[in-house]
Amino acid sequence: NAGVTQTPKFRILKIGQSMTLQCTQDMNHNYMYWYRQDPGMGLKLIYYSVGAGITDKGEVPNGYNVSRSTTEDFPLRLELAAPSQTSVYFCASSGTGGTEAFFGQGTRLTVV
Amino acid sequence: QKEVEQDPGPLSVPEGAIVSLNCTYSNSAFQYFMWYRQYSRKGPELLMYTYSSGNKEDGRFTAQVDKSSKYISLFIRDSQPSDSATYLCAPSSGGTSYGKLTFGQGTILTVHP
């Protein structure tokens with residue numbers, strides 16, 4: 001069972017560069033989420049999606065963009081990387097009527 | 001005031017100890033109270049959840065919610081070294097928002113053999 005798969009696992013970016021964090025799930029879940037986790041902090045919601053074609057902002061959306069063209073995929077785009085975006089990024093999904101969110105293994109991003 | 005406050009620890013206990021982890025919250029709309037466990041360099045995994053006020057027991061773990069005081073607790077009995085992890089409380093308003101969680105800061109727990 002693959003569950004939620006994130007790529008890459010690690011990445012170093014230079015200030016001003018762009019990149020896309022990939023997330024795919026094979027559980028046919030409608031809901032998908034992107035969180036970031038800074039050291040010693042809990043996770044904060046960046047963006048979420050309730051289905052293909054529908055996305056909405058979370059608590060900390062500035063500097064990020066998302067799209068949801070299929071049920072399975074929910075990529076997160078960083079357009080102009082800044083040091084403040086150094087963090088661990090987690091993608092998650094949950095099913096309709098389910099109480100559990102399933103998380104990927106995370107992408108560790110460093111912006112220098 | 002943060003929506004969810006959690007004692008960050010770290011907490012270090014000997015094997016076999018009873019561990020108490022606590023959170024407070026401010027949003028009255030929260031109905032589901034999740035506890036996630038996160039091992040080092042891994043994603044969080046749901047440990048257990050409680051709906052509304054009350055207790056729920058699952059093996060060595062007991063979750064308690066007191067909505068009147070907006071207080072959430074997780075108790076671990078007979079703690080084991082394998083329980084060493086970060087524990088995150090994460091309330092949700094439920095419905096379509098089960099995965100739209102507001103996390104506490106997390107408590108780092110180390111259980112020594």
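- When all heavy atoms are compared, the tightest approach of B:L88 to A:G42 is CD2-CA, 4.2 Å.
- Counting heavy-atom neighbours within 6.0 Å of B:Q80 CD, excluding the residue itself, gives a total above 12.
- Of the possible polar contacts, one joining the B:Y36 side chain to the A:A101 backbone as a donor-acceptor pair under 3.5 Å is found.
- For the set A:R108, A:M32, A:K44, A:K9, the count of heavy-atom pairs under 4.5 angstrom toward chain B peaks at A:R108.
- Under a cut-off of 6.0 angstrom, the local environment of CD1 in A:I15 is crowded, with over 12 non-hydrogen atoms contributed by other residues, nucleotides or ligands.
- Heavy-atom distances place the side chain of B:Q38, and not its backbone, under 4.5 Å from chain A.
- Contact of A:Q37 with chain B is made through the side chain alone, with heavy-atom distances under 4.5 Å.
- Closest of all the heavy-atom pairs between A:F10 and B:R41 is CE2-NH1, 4.2 Å.
- Cluster membership check: B:F30 shares its hydrophobic cluster with B:L74, using side-chain heavy-atom separations under 4.5 Å among Ile, Leu, Val, Met, Phe, Trp and Tyr.
- With a 6.0 Å radius and a threshold of 12 heavy atoms from other residues, nucleotides or ligands, B:K42 has its NZ atom at or below the threshold.
- Chain A forms the most heavy-atom pairs under 4.5 Å with one residue out of B:L46, B:T86, B:I108, and that residue is B:L46.
- Heavy-atom neighbours of B:Y49 OH from other residues, nucleotides or ligands within 6.0 Å: at or below the threshold of 12.
- Of all the heavy atoms in B:L101 and A:Y35, the pair that sits closest is N-OH, 2.9 Å.
- No continuous path of hydrophobic side-chain contacts links B:F33 to A:L45 [ILVMFWY only; heavy atoms under 4.5 Å].
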